[in-house]
Structures are given as structure tokens and as C-alpha cells.
Amino acid sequence: MPERLENRHAELVTAVVDWFGEHARDLPWRRPEAGPWGVLVSEFMLQQTPVSRVLEPWAQWLQRWPSPATLAADPPGEAVRMWGRLGYPRRALRLHAAAVAIVERHDGQIPADHDALLALPGVGAYTAAAVSAFAFGGDEVVLDTNVRRVLARAVGGVEFQANSPTAAERRLAAEVWPPEGAARWSAAAMELGALVCTAATPRCVDCPILADCAWVTAGRPPHSGPPRRGQAYAGTDRQVRGRLLEVLRASEEPVAAARLDLVWDDPVQRDRALASLLTDGLVVRRGKEYALP
DNA sequence: AACACGTGGCT
DNA sequence: TAGCCAAGTGT
């Protein structure tokens with residue numbers, strides 16, 4: 001690797017980490033008392049979900065289940081109920097399954113090892129790296145959507161990253177990644193992406209690496225890559241699933257099919273959505289009625 | 001590899 | 001206001 005490239009990246013890392021020292025939010029899962037379990041729960045909840053919506057559910061979750069063992073001892077449906085309106089409720093099911101696996105495989109302790117984390121339900125490349133880095137100080141390349149966007153702009157000179165992480169991105173992230181203080185760099189880059197280098201309207205005037213940003217230097221050219229896929233919601237099975245689960249979460253007792261019929265007019269789509277919930281294990285059948293698992 | 005998967009705040 | 005977007009994972 002050319003010497004110049006290394007120096008440039010080292011300056012970028014230093015500037016972002018210094019900025020983080022001044023502007024980091026005081027998030028509860030960043031405090032030492034959160035512990036590995038607090039970090040793991042936060043990472044599940046933060047998947048595709050803004051920080052502001054996670055704060056309250058995270059605190060309630062940890063108050064009710066202060067350890068993997070306490071969660072594992074309750075039925076998975078209680079996790080789905082507690083998940084409330086956070087969205088993507090399969091995450092609740094997987095977090096419960098991860099707690100069970102942690103009890104069974106790891107004596108109730110969150111593993112620090114990347115591969116052991118990766119083997120847990122609902123834990124992918126990002127979450128494994130994040131928990132290893134943030135809960136245990138592991139030297140991991142944490143490549144989330146914020147880090148990817150910061151690198152795409154600052155180094156790549158383009159407005160948006162690819163639709164999914166590429167080999168080139170991983171290589172770049174590994175180059176920028178400092179051998180010392182990797183966890184702090186990752187947290188800092190994520191924070192910069194979340195607060196300043198945002199997707200829609202970046203606050204470049206507040207950016208600590210404005211002068212070094214390849215995208216700004218290039219005149220902030222608009223995105224020219226393949227179209228970024230949106231997420232339709234209204235009228236989709238997802239919306240119907242959400243309605244069905246909303247009814248079941250609100251009821252301590254099994255619910256008759258007739259009550260579920262009220263949430264959506266189209267019976268074909270309604271049945272399809274309910275069937276998919278049953279397949280996912282988010283709903284179980286109790287005789288002629290339905291309930292959380 | 002493209003697609004499904006919730007919900008709500010922001011512009 | 002109707003998209004756009006948010007600390008991804010599993011299939």
C-alpha cells in the first residue's frame with residue numbers, strides 16, 4: 001500500500017475520532033454498565049431502526065430480562081409482545097432464540113468470539129462485528145450503512161454506496177481501519193454517518209473531514225449508479241402481517257379467526273399473510289384460534 | 001443475488 | 001405529501 005494512502009487514511013481516522021470525542025451521543029448501550037447483553041440487545045433493535053425509536057424499548061427490555069437466561073426462560077411470544085411496534089418482529093423471535101443458544105452453548109455468557117457470535121440466530125456479519133467490537137473491544141471491521149456511506153463519500157467520491165457491500169468496499173474498510181482503537185473508529189464513523197454525513201441532506205458544514213472529502217471536492221455529484229431500491233409498504237403483505245400481529249400482541253388470550261378477519265378486507269391476501277406468520281413462527285394455531293408462540 | 005421483512009419520522 | 005430512509009438478516 002502506498003505510503004501516501006496510509007497517511008491520508010490515518011488523518012481521516014484521527015479527525016473523525018476527535019470529532020466523536022466532542023459530539024458522541026450519550027447512548028445507554030455505550031455505557032459500561034450496559035454490558036455485553038445490553039450491547040447485543042441494542043444491536044438487534046437497531047437493525048434497520050433509528051436510535052430514537054430504540055431508546056425506550058431497550059430500557060424496558062433489559063429491565064424485564066437482565067440476562068440471556070431470563071429471556072430464554074420465557075416463551076418466545078413474550079419477546080414478540082415486548083417488541084411492540086419496533087418493526088421487523090422476526091428480530092424478537094431471533095433474539096429469543098439467540099438467548100436460548102447462549103444459555104445452551106455458552107453457559108449464559110455472551111461469546112466474545114466473532115464466529116461464535118455469527119453462529120447465533122439473527123446475528124449476521126454486521127452484528128457479530130459490532131458486538132465483538134463494542135462489547136469486548138475486539139478489532140473488527142464494522143461495516144454498517146453509515147460507515148459505508150462515509151467511506152463512499154470521503155474516499156470514493158460518490159454520493160451513495162452500492163446496494164450491498166462489495167469486495168472493494170471491504171478492502172477499503174480494512175485499509176482505513178486502524179489496528180489500534182478499531183472499535184472507537186467504528187463507533188465514530190457510524191456516529192458521523194448518523195448525525196452529519198446523512199443520506200438525504202448531509203450537514204457538510206459540520207463535517208470534520210470536509211476538506212478531505214472526495215465527494216465534496218468533486219462538487220458533490222449526484223448518485224449515478226444503479227437505482228437504489230425503495231421499500232413499498234402500503235398494500236403489501238408486510239402491512240397485513242403488521243395488522244394481524246398487532247391484534248395478537250394486544251391479547252393475552254388466543255384470538256378467534258373472525259377477529260383477525262377484521263384487519264384486512266382481501267381474504268386471499270389476509271390468509272397468505274397469516275400463513276406466512278405461522279411459517280415464520282411468529283404465530284401459532286391453538287385449535288381454531290391463533291396466538292403468539 | 002434479488003427479495004421479503006415493520007414502523008414512523010423527516011423533508 | 002408521498003416518498004425516502006433507518007446500527008441488517010435469511011433465503
Side-chain angles (χ1 to χ4, degrees), chain A residues 20 24-25 27-30 34 38-58 80 83-95 97-98 117-135 140-150 159-167 173 183 185-195 197-203 223 226-246 248-249 263 269 272-273 275-277 279-283:
Chain A
F20 186 61
R25 289 169 292 182
L27 302 176
W29 44 85
R30 286 181 180 157
V39 172
L40 182 69
V41 172
S42 80
E43 293 302 342
F44 268 83
M45 291 186 168
L46 286 163
Q47 290 168 6
Q48 297 285 284
T49 308
V51 164
S52 60
R53 293 189 43 218
V54 167
L55 259 8
E56 276 198 29
W58 181 85
V80 174
W83 200 254
R85 304 193 63 82
L86 257 185
Y88 289 147
R90 291 191 292 193
R91 292 182 292 167
L93 222 43
R94 291 179 182 145
L95 179 51
L117 287 164
L118 194 56
L120 297 172
V123 175
Y126 162 76
T127 302
V131 171
S132 178
F134 301 148
E140 303 278 343
V141 177
V142 182
L143 201 56
D144 84 318
T145 191
N146 290 303
V147 179
R148 294 181 61 219
R149 189 173 53 250
V150 167
E159 184 178 20
F160 292 117
Q161 65 274 36
N163 280 325
S164 57
T166 63
W185 149 249
S186 295
M190 289 169 68
E191 193 80 333
L192 186 68
L195 299 181
C197 194
T198 53
T201 51
R203 301 158 172 79
H223 181 64
R228 318 173 66 223
R229 279 196 310 282
Q231 325 167 45
Y233 181 63
T236 63
D237 287 6
R238 271 197 292 173
Q239 184 179 21
V240 186
R241 285 164 56 105
R243 295 249 186 111
L244 292 168
L245 219 46
E246 186 175 10
L248 295 173
R249 277 198 311 263
V263 307
Q269 191 178 19
R272 187 172 65 224
S276 74
L277 287 170
T279 298
D280 288 350
L282 281 163
V283 175

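Sequence lines set the chain letters: A, B, ... in the order given, protein chains first and strands last, and positions in each chain run from 1. All of these numbers come straight from a predicted model, not from anything done at the bench.
Among residues two or more places apart in sequence or in another chain, the ring pair (Phe, Tyr, Trp, His ring centres under 6.0 Å) test is passed with A:W29 by A:W58.
Counting non-hydrogen atoms under 4.0 angstrom, A:A199 reaches the backbone sugars and phosphates but no base. At the heavy-atom level, A:W83 lies nowhere under 4.0 Å from the strands shown. If you check every strand for non-hydrogen atoms under 4.0 Å, A:L27 touches a base. Residue A:G242 is classed as a sugar-phosphate contact, given heavy-atom separations below 4.0 Å to backbone atoms only. Within 4.0 Å (heavy atoms only), A:T127 reaches sugar-phosphate atoms of the nucleic acid but no base atom. Counting any heavy atom pair closer than 4.0 Å across all strands shown, A:G87 reaches a base atom. Within 4.0 Å (heavy atoms only), A:V123 reaches sugar-phosphate atoms of the nucleic acid but no base atom. Residue A:R148 is classed as having no contact, given no heavy-atom separation below 4.0 Å to the nucleic acid. If you check every strand for non-hydrogen atoms under 4.0 Å, A:Q239 touches nothing.
None of A:R90, A:R272, A:R241 except one satisfies the side chain to side chain contact (heavy atoms under 4.5 Å, CB included) rule with A:L277; the exception is A:R241.
In this structure, A:R241 reaches the B:dG6 phosphate: one of its side-chain N or O atoms is under 4.0 Å from OP1 or OP2. In this structure, A:Q48 reaches the C:dG8 phosphate: one of its side-chain N or O atoms is under 4.0 Å from OP1 or OP2. Listed pair A:R149 / C:dC5 fails the phosphate criterion, with no side-chain N or O lying under 4.0 Å from OP1 or OP2. The phosphate of C:dA7 has neither OP1 nor OP2 within less than 4.0 Å of any side-chain N or O from A:S42. A:Y233 has a side-chain polar atom (N or O) that falls below the 4.0 Å cut-off from OP1 or OP2 of B:dT7. Contact check, A:R85 against B:dG8: a side-chain N or O comes under 4.0 Å of OP1 or OP2.
In this model, a donor atom of one side chain and an acceptor atom of the other lie less than 3.5 Å apart for A:Q161 and A:T145.
Between A:E191 and A:R30 there is a salt bridge, since a side-chain N of the basic residue sits under 4.0 Å from a carboxylate O of the acidic one.
Taking atom C1' on both C:dT1 and C:dC5, the two are 16 Å apart, rounded to the nearest angstrom.
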